[in-house]
Amino acid sequence: MTPADLTSANTLGLPCMAERFCAPESLADLQAALAGGRGQGEALTLLGGGSNLILPEHLPGLVVRPAMTRWWLEEGQGDTVRIHAEAGVGWHELVMALAARGLWGIENLALIPGHCGAAPIQNIGAYGVELAEVLEALQVVSLADGGERWMTPRECAFGYRDSIFKGALDGKVVITRLILRLSRTPRPQLGYGDLAARVGTSPSALEVAEAVCAIRREKLPDPAVLGNAGSFFKNPVVEAARAEALLSAHPGMPHFAQPDGRVKLAAGWLIDQCGLKGCREGHFGVHERQALVLVHFGGGSADELLAFAERVAGSVRERFGVLLEREPRLAG
Ligand code: EPU
């Protein structure tokens, strides 16, 4: 375990030096690394694809990035297939490989960056599909004693961009393996945006995945070109009365009724309406094609990014009285 420069290991491209870093390639190596860290009582940071994380310039203690990268199929009952994917498997690569095999369930989640082990933390979702819908079980390792156990989706307490791993189990476990349940029977979910218009009447899973990739490439910046962490804010969910009041003042406001009677608003639209789309301050800016994405032009720091994000959220608060919650997590 050695110090490591994590600047290229986070998609925002924030400069970061980790005091000690390791990338265990097996469950046993991961457990040994955790035991070593515990023995020394040092701070521990878990890293996946680094696509939903804000890193400080100096990260003290141990950084562990699970690098177990095996995945395999297990035939289920009827037309179902179970997919086992270890934490270090690239999410997008897995989606494309499964869609190419004609397996349905996660094709709408193509091109979401990051590793499988991080996908449940924020319950990744896009184009009307969330991970929670296809997850059968996941394996975790306890940071306290290295013990392994399996959890059901119910135990994971999934919500919109939320799970128990952001709450009660935050900093308590490492997610080491997912089991997904996919289907051989075509089940296209084309209800979101213009997805249906982009594919034929009976598309293959791969065609849907490719259409999703095309939409995302049009709107979202490629982290390899321009630093970003995807959506920087969650879409805010407000009480029905609040949404009604806003709608009477702004009839064109996108809004989505939630099962609990509340209403989800589009943070990107709110930021856009504040005139901030494409704006730049110092090393950071609001993306010119999707106002929900903050971008890093290089040379900036986490503190500067957080101050910029606070100004963006402050504009929305002032104009609409709506609070925006940050989506990427702070490390260290
Ligand atoms: N909008 C604007 N201006 C903007 C951005 C959006 O007016 O600059 C409007 C759009 O026209 C649309 C509405 O806001 O009416 C919603 O926009 P969009 O469909 O692009 O989706 P989103 O709510 O901005 C969410 C996810 C994305 C995901 C898309 C598609 C969150 C926080 N973000 O964005 O996730 O790809 O839906 O399902 O829920 C990510 O997490 O990194 C991410 C990209």
Side-chain angles (χ1 to χ4, degrees), residues 10-12 48-54 91-92 95 106-115 118-133 158-163 166 189-198 208-209 211-223 226-238 243 246-247 250-258 263-279 285-296 309 312-313 315-316 319-320 322-329:
N10 74 102
T11 61
L12 270 161
S51 57
N52 203 40
L53 204 59
I54 300 174
W91 176 260
H92 170 67
V95 169
I106 54 174
E107 61 285 351
N108 290 29
L109 303 180
L111 213 58
I112 294 184
H115 292 177
I121 298 175
Q122 58 152 317
N123 182 21
I124 56 169
Y127 304 101
V129 174
E130 285 186 351
L131 174 75
E133 295 163 35
F158 289 121
Y160 164 64
R161 304 273 147 146
D162 201 22
S163 73
K166 283 182 159 183
Q189 303 192 62
L190 308 175
Y192 192 99
D194 63 348
L195 195 49
R198 297 210 180 211
V208 175
V212 167
C213 291
I215 298 174
R216 289 182 72 98
R217 285 200 179 98
E218 282 165 22
K219 279 201 203 163
L220 300 169
D222 178 354
L226 187 57
N228 75 89
S231 301
F232 198 86
F233 300 101
K234 291 186 191 181
N235 282 329
V237 180
V238 301
L246 283 168
L247 271 168
H250 311 277
M253 180 180 75
H255 57 287
F256 310 91
Q258 300 302 290
V263 180
K264 194 192 272 180
L265 308 179
W269 184 89
L270 297 167
I271 296 167
D272 198 351
Q273 291 296 304
C274 291
L276 294 174
K277 199 173 189 165
C279 84
V286 174
H287 187 51
E288 57 193 11
R289 290 194 303 276
Q290 163 57 292
L292 193 46
V293 177
L294 301 190
V295 293
H296 177 208
V312 171
S315 300
V316 169
R319 172 109 197 254
F320 296 100
V322 174
L323 300 182
L324 293 186
E325 203 184 317
R326 192 183 63 236
E327 152 87 338
R329 311 196 330 137

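Just follow the structure's listing: the first ligand is 1, and inside any ligand the first atom is 1.
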Look at ligand 1 and say whether [X] reaches it with a heavy atom at a distance under 4.0 Å.
X    : result
H287 : no
K219 : yes
R216 : yes

Protein heavy atom at shortest distance from [atom]:
atom                    : answer
atom 12 (C) of ligand 1 : P254 CG, 4.4 Å
atom 38 (O) of ligand 1 : Y127 N, 2.7 Å
atom 3 (N) of ligand 1  : D272 OD2, 2.8 Å
atom 1 (N) of ligand 1  : W269 N, 3.8 Å
atom 8 (O) of ligand 1  : A291 N, 2.8 Å
atom 31 (C) of ligand 1 : Y160 OH, 3.3 Å
atom 19 (O) of ligand 1 : Y192 OH, 2.7 Å
atom 34 (O) of ligand 1 : L292 CD2, 3.9 Å

Atom indices of ligand 1, in the order listed, that fall short of 4.0 Å to a heavy atom of [X]:
X    : value
Q290 : 4 (C), 5 (C), 6 (C), 8 (O), 20 (O), 24 (O)
K277 : 3 (N), 4 (C), 8 (O)
L220 : 44 (C)
A126 : 36 (O), 38 (O)

Would a distance-only check, ignoring hydrogens and angles, find a side-chain to backbone donor-acceptor pair under 3.5 Å from [X] to [Y]?
X    : Y    : value
Y160 : N235 : yes
R161 : G125 : yes
N108 : Y127 : yes
Q122 : I124 : no
W91  : A118 : no
N123 : A132 : yes
Q273 : L270 : no

Report task. Under 4.0 Å, heavy atoms only, figure out whether ligand 1 is touched by the backbone of A266, its side chain, both or neither. Result -> side chain
Requested in this report: Could you see which bit of F233 sits under 4.0 Å from ligand 1, with heavy atoms only: side chain, backbone, both or neither?
Outcome: backbone
Query raised in the report: Who are the ring-ring contact (aromatic ring centres under 6.0 Å, His included) partners of F158, not counting sequence neighbours?
Result: none
Measure from [atom] to every heavy atom in [options] and give the option owning the shortest one.
atom                    : options               : answer
atom 23 (O) of ligand 1 : I271, N235, L270      : N235
atom 35 (O) of ligand 1 : E327, R161, E325      : R161
atom 40 (C) of ligand 1 : S51, S231, A267, G230 : S231

Report task. Give a yes or no on whether atom 43 (C) of ligand 1 lies under 4.0 Å from any heavy atom of the protein. Result -> yes
Non-hydrogen atoms of [X] and [Y] that approach each other most closely:
X    : Y    : answer
P221 : N228 : O-ND2, 3.1 Å
L220 : H287 : C-NE2, 4.3 Å
I54  : P328 : CG1-CB, 4.1 Å

Let me have the donor-acceptor pairs involving side chains of residues 250-258, under 3.5 Å, with sequence neighbours excluded, atom names and distances please.
from : atom 1 : to   : atom 2 : distance (Å)
H255 : ND1    : M253 : O      : 2.9
Q258 : NE2    : F256 : O      : 2.9

Query - Side-chain ion pair, E325 and K166, N-O less than 4.0 Å - result: no
Query raised in the report: Is there at least one pair of N or O atoms, one from A229 and one from ligand 1, spaced under 3.5 Å apart?
Result: no
